[in-house]
Amino acid sequence: MPVYILHNINYTISNNMSIRNIGIMTSGGDSPGMNAAIRAVVRTGMHMGLDVYGIRRGYQGMIEGDIFKMKTTDVANIIQRGGTILKTARSKEFMTDAGMQMAYDQLQQHGIQGLVLIGGDGTFTGATRFFEKFTVPAVGLPGTIDKDLTGTDFTIGFDTAVNTAVEAIDKIRDTAEAHDRLFVVEVMGRDAGYIALNSGIACGAEDILIPETATDINEVLCRIDHDERRKKTVHILVVAEGDDFGGAVKVMEVIKEHFPHIDARHCVLGHIQRGGSPTYADRVLASRLGHAAVNALVNGTTQVMAGIVNDQVTFTPFQNVIKGSTPISADMLDMIRVLAS
Ligand code: F6P
């Protein structure tokens with residue numbers, strides 16, 4: 001997987017304090033650790049003598065000029081909080097020429113000379129289009145529970161979301177065990193299966209269905225049949241919401257059709273995976289990347305996302321991070337089958 005370290009792609013800063021005002025926003029689905037990232041950006045910016053402007057509700061707030069000068073106290077006591085104090089949105093208007101023009105005009109009016117964008121795939125898709133038209137230095141931070149971006153081993157929020165899913169699935173296993181039940185648990189991840197894969201392994205799931213591999217439903221049914229024959233009464237199947245066969249409801253329909261006598265239930269974990277206090281790993285990741293992003297911005301590294309690769313901060317151009325993902329190794333998939341047997 002190539003990681004590019006680029007400098008001054010669209011914009012060159014002649015001395016490293018040409019930027020005096022920066023804007024920060026969170027966009028797309030929130031993820032635990034976004035607040036820790038905001039705190040790191042605001043505190044680092046202020047330490048460097050910059051004015052930091054908060055942009056509420058992502059690109060939509062940028063269009064509407066929902067922008068305010070931040071104080072260091074605005075980010076006090078937030079490192080441990082889920083959600084985002086800047087709020088977030090998915091803006092359709094920003095995808096129009098008129099919307100982008102309004103957003104740019106607002107940045108100009110507020111004197112914002114550089115941006116820190118925290119979000120996922122949609123955020124960087126928007127950024128790429130915007131920066132094709134307008135020159136504004138910007139550095140992105142990967143804020144998404146899905147971990148579906150190239151250029152970083154982890155995204156802010158992923159670790160917390162997986163831990164939330166693990167806690168929930170462990171609880172489901174308790175009740176499944178008590179009733180000798182089969183459970184199909186659906187986790188988030190959009191088109192990516194990392195939450196399913198990691199929570200499934202961590203919970204000892206009997207089966208894990210992910211979008212990265214084609215689901216053969218007959219194999220799934222065979223494994224249930226096999227477990228039944230050897231009197232393994234509890235069967236936990238973790239399915240990613242984006243699996244090619246379908247989510248928990250679809251999988252459950254087929255199971256009920258083939259095994260009407262099996263006591264089975266399904267559970268869609270949903271948005272609880274996006275909330276909650278970030279884990280230490282997400283807080284540290286967010287802090288490191290937020291600090292690095294501001295340093296990069298004032299030193300002229302722009303139009304890139306800051307990520308973590310082999311525990312080193314790296315910078316990848318926005319257009320290269322979109323819809324990337326680390327391939328799931330065949331070894332990992334083989335291991336799941338062995339451990340669940
Ligand atoms: O991208 C984060 C994510 O939580 C995905 O896992 C999920 O598919 C999607 O957002 C849900 O979006 P919304 O909150 O708009 O329903």
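One-based numbering, in listed order, for ligands and for the atoms of each.
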Closest to atom 2 (C) of ligand 1 among protein heavy atoms sits Asp146 OD2, 3.3 Å

For ligand 1, the portion of Ile145 having any non-hydrogen atom under 4.0 Å away
side chain

For atom 12 (O) of ligand 1, grab the closest protein heavy atom and report residue, atom and distance to one decimal in Å.
Arg90 NH2, 2.9 Å

Below 4.0 Å from ligand 1: does a non-hydrogen atom of Gly120 turn up there or not?
no

Taking only heavy atoms of Met188 into account, list the atoms of ligand 1 that are under 4.0 Å away from them.
4 (O), 6 (O)

If you draw the axis of the six-membered ring of Tyr104, does the NZ or CZ of Lys133 fall within 45° of it and under 6.0 Å from the ring centre?
no

For atom 7 (C) of ligand 1, closest protein heavy-atom neighbour
Glu241 OE2, 3.2 Å

For ligand 1 and Gly189, I'd like to know whether there is a polar contact (N/O to N/O, distance under 3.5 Å).
yes

CG on Asp207 to OG1 on Thr215, rounded to 0.5 Å
8.5 Å

Identify the protein heavy atom lying closest to atom 9 (C) of ligand 1, giving its residue, its atom name and the separation to 0.1 Å.
Arg190 NH2, 3.5 Å

For Asn198, all residues meeting side chain to side chain contact (heavy atoms under 4.5 Å, CB included), sequence neighbours excluded:
Phe158, Val162, Tyr194

Closer than 4.0 angstrom, basic N to acidic O: yes or no for Asp66 and Arg57?
yes

Between Glu177 and Arg173, does at least one N-O distance fall below 4.0 Å, as a salt bridge requires?
no

Kindly indicate whether a cation-pi arrangement holds for Arg56 with Phe68, taking the cut-offs as under 6.0 Å to the six-membered ring centre and within 45° of the axis.
yes

Determine whether the side chains of Glu206 and His226 contain a donor N or O and an acceptor N or O closer than 3.5 Å.
no

Test item, His271 contacting ligand 1 (heavy atom, 4.0 angstrom):
yes

Atom 11 (C) of ligand 1: nearest protein contact (heavy atom, Å)
Arg274 NH1, 3.5 Å

